[in-house]
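Below, read A as the first sequence line, B as the second, and so on, with proteins coming before strands; counting in each chain starts at 1. Atom set for the values below is all heavy atoms of this structure, side chains included, hydrogens, waters and symmetry mates excluded.
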2 protein chains.
Amino acid sequence: MCPIATCLVKQCNHTWINRLSDAKNSPIYPKGQFVFMEGSLVLGAYFILKGKVKVISSNVGGKEQTVRLAGEGHMLGHSAIGLEKYSIGAVTLEESQICFIDNATLYEAFMANPKFTFEVMRFYSRELRKSEIRTKCLGLMNNEEKVILGLLYLADTYLLGSQGNQVEIDLNRQEIAQIIGTNAEQVSRVLTSLKKEGLIQTVDRTIQLPDITTLKERIRQYAYATSY
Amino acid sequence: MCPIATCLVKQCNHTWINRLSDAKNSPIYPKGQFVFMEGSLVLGAYFILKGKVKVISSNVGGKEQTVRLAGEGHMLGHSAIGLEKYSIGAVTLEESQICFIDNATLYEAFMANPKFTFEVMRFYSRELRKSEIRTKCLGLMNNEEKVILGLLYLADTYLLGSQGNQVEIDLNRQEIAQIIGTNAEQVSRVLTSLKKEGLIQTVDRTIQLPDITTLKERIRQYAYATSY
DNA sequence: CTAATAGCCTGCGAAAATGCAGGCTTTTTT
DNA sequence: AAAAAAGCCTGCATTTTCGCAGGCTATTAG
């Protein structure tokens with residue numbers, strides 16, 4: 001039985017929770033694995049049971065942009081009815097367990113469970129709002145502000161509960177750059193500067209954020225907020 | 001009776017279509033009017049019956065970014081249950097008629113009409129995908145490409161049917177700049193250059209796109225497509 | 001008709017971002 | 001343990017973007 005209380009599927013009635021539980025499969029993906037690739041057909045929806053995923057989109061030249069970060073309880077795959085090709089991919093950032101439910105079953109579940117459909121709708125609505133605020137930020141911010149935005153976005157998405165402000169980020173410079181639409185060198189420069197100010201620490205490969213409050217203060221003028 | 005066949009409300013059964021028809025009000029907003037303002041409470045959802053709307057978000061300094069364009073049949077307001085403050089506003093680009101339905105009524109409609117909820121969910125899902133592809137483009141494109149993206153975004157959103165490739169855009173340079181995260185001068189420069197190439201025409205205040213195909217070709221490497 | 005205003009275009013210097021290169025450190029492989 | 005590879009930092013030259021300023025045009029107001 002699935003232990004994730006926040007999983008959207010939990011909005012179904014008991015009969016359907018069991019039926020979806022039977023219909024799903026839940027493979028474990030190693031770090032760096034594609035959950036689905038750009039240009040592939042979407043045959044159903046993915047629910048993250050455990051782990052971290054980035055949603056990406058690339059141009060033909062191979063340049064890649066991370067368009068969304070997703071964690072436990074999040075939904076992937078833009079559940080489509082009918083087959084849609086679709087120019088977005090998803091890659092695990094660490095070992096992750098991800099449930100898959102096919103479109104036909106999902107559609108039946110939507111028709112039989114209004115609350116489930118409603119909560120999925122709300123999920124997309126919230127993600128859209130987050131994406132739009134991101135659009136604003138990426139459109140108006142300079143490089144340093146974007147790097148701070150990226151760090152806070154990672155923190156917001158992957159800080160579990162309120163266990164202090166300690167967030168560890170285990171991505172390389174290139175991957176951080178792709179979240180905010182810049183390049184590895186710029187990220188390096190800004191991180192160095194933030195380190196000198198004591199706003200971040202680096203331990204081994206990971207970046208730690210001991211003072212999230214001050215970081216947020218830095219980009220306050222964009223009305224960036226943890227909860228959207 | 002509402003004449004918009006694509007309106008999402010049409011997914012409800014007849015009883016509910018009538019009930020929502022009674023519950024809604026449908027004011028006509030003049031050009032340049034706020035439908036709702038940034039920071040206001042969201043008390044329900046808006047359905048565009050006729051007209052064009054931009055969804056905006058600003059920073060404290062007053063710089064404004066257009067995060068989404070919406071036209072006939074589109075939904076605004078991120079229907080929320082409960083009251084949520086929310087840092088996004090909407091402004092008409094021309095005289096527009098927009099229906100409003102309050103959250104309580106909407107919630108009942110969602111619970112009673114699975115197909116309605118499902119289609120609203122799909123609407124948000126599609127808009128999210130569009131927003132994410134926009135994130136990619138704004139992250140990877142240079143200025144000229146962004147301007148072309150902006151023109152095509154306007155064309156896609158407001159080209160009604162397939163009446164040739166004639167699209168008229170009646171925004172000033174500043175407003176175009178805010179769609180793509182740049183400034184009026186840059187837009188001016190790119191438009192001049194595109195005009196010299198014969199890819200756009202300006203007649204009075206409006207920009208015409210006589211050759212959408214070639215414009216799309218210009219940014220093909222970003223896999224930008226009319227239908228997402 | 002004239003004046004005033006708003007929008008538009010474009011040159012130019014300043015600022016920011018980019019991307020290469022070289023040196024360093026860390027991790028992985030052999 | 002040594003070698004190879006990958007990642008990281010930073011200086012520098014180049015390119016791009018920014019934003020002011022001035023002149024032009026079109027629209028609106030008087």
Nucleotide [N], atom [atom2] - distance to [atom1] of [X] in whole Å:
X        : N      : atom1 : atom2 : value
A:Lys31  : C:dT27 : NZ    : C1'   : 12 Å
B:Asn143 : C:dT18 : CG    : C1'   : 14 Å
A:Gln178 : D:dG7  : CD    : P     : 12 Å
B:Met141 : C:dT18 : CE    : C1'   : 18 Å
A:Asp170 : D:dA6  : CG    : P     : 18 Å
B:Glu144 : D:dT15 : CD    : C1'   : 15 Å
A:Leu191 : D:dG7  : CG    : C1'   : 13 Å
B:Gln186 : C:dC9  : CD    : P     : 13 Å

Polar contact flag, side-chain donor to acceptor under 3.5 angstrom, [X]-[Y]:
X        : Y        : value
B:Gln65  : B:Gln178 : no
A:Glu95  : A:Tyr29  : no
A:Thr206 : A:Asp170 : no

Give a yes/no answer on whether the side chain of [X] brings an N or O atom under 4.0 Å of OP1 or OP2 in [N].
X        : N      : value
B:Thr182 : D:dT17 : no
A:Lys195 : D:dC9  : yes
A:Gln174 : D:dG7  : no

Among the candidates [options], find the nucleotide nearest to the side-chain atoms of [X].
X        : options                : result
B:Thr192 : D:dT17, C:dT10, D:dG19 : C:dT10
A:Ser188 : D:dC9, C:dG7, C:dT18   : D:dC9
B:Arg205 : D:dT27, D:dG11, D:dG19 : D:dT27
A:Asn183 : C:dG7, D:dG19, C:dT18  : C:dT18

(message) So does A:Ser188 get a backbone contact from the side chain of A:Thr192, meaning a donor-acceptor N/O pair under 3.5 Å?
(response)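 Between the backbone of A:Ser188 and the side chain of A:Thr192 there is a qualifying donor-acceptor contact (under 3.5 Å).
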(message) Which is more 5' along DNA chain C, the nucleotide nearest A:Asn142 or the one nearest B:Glu185? Just name the residue.
(response)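 By nearest-heavy-atom nucleotide position, the 5'-most residue is B:Glu185.
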(message) Using a strict threshold of under 4.0 Å (side-chain N to carboxylate O), is an ion pair present between A:Glu119 and A:Lys10?
(response)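 Between A:Glu119 and A:Lys10 there is no salt bridge, as every charged N stays at least 4.0 Å from the carboxylate O atoms.
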(message) Quiz question: going by heavy-atom distance under 3.5 Å, is there a donor-acceptor pair between the base of D:dG19 and the side chain of B:Arg173?
(response)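 Check fails, no donor-acceptor contact within cut-off.
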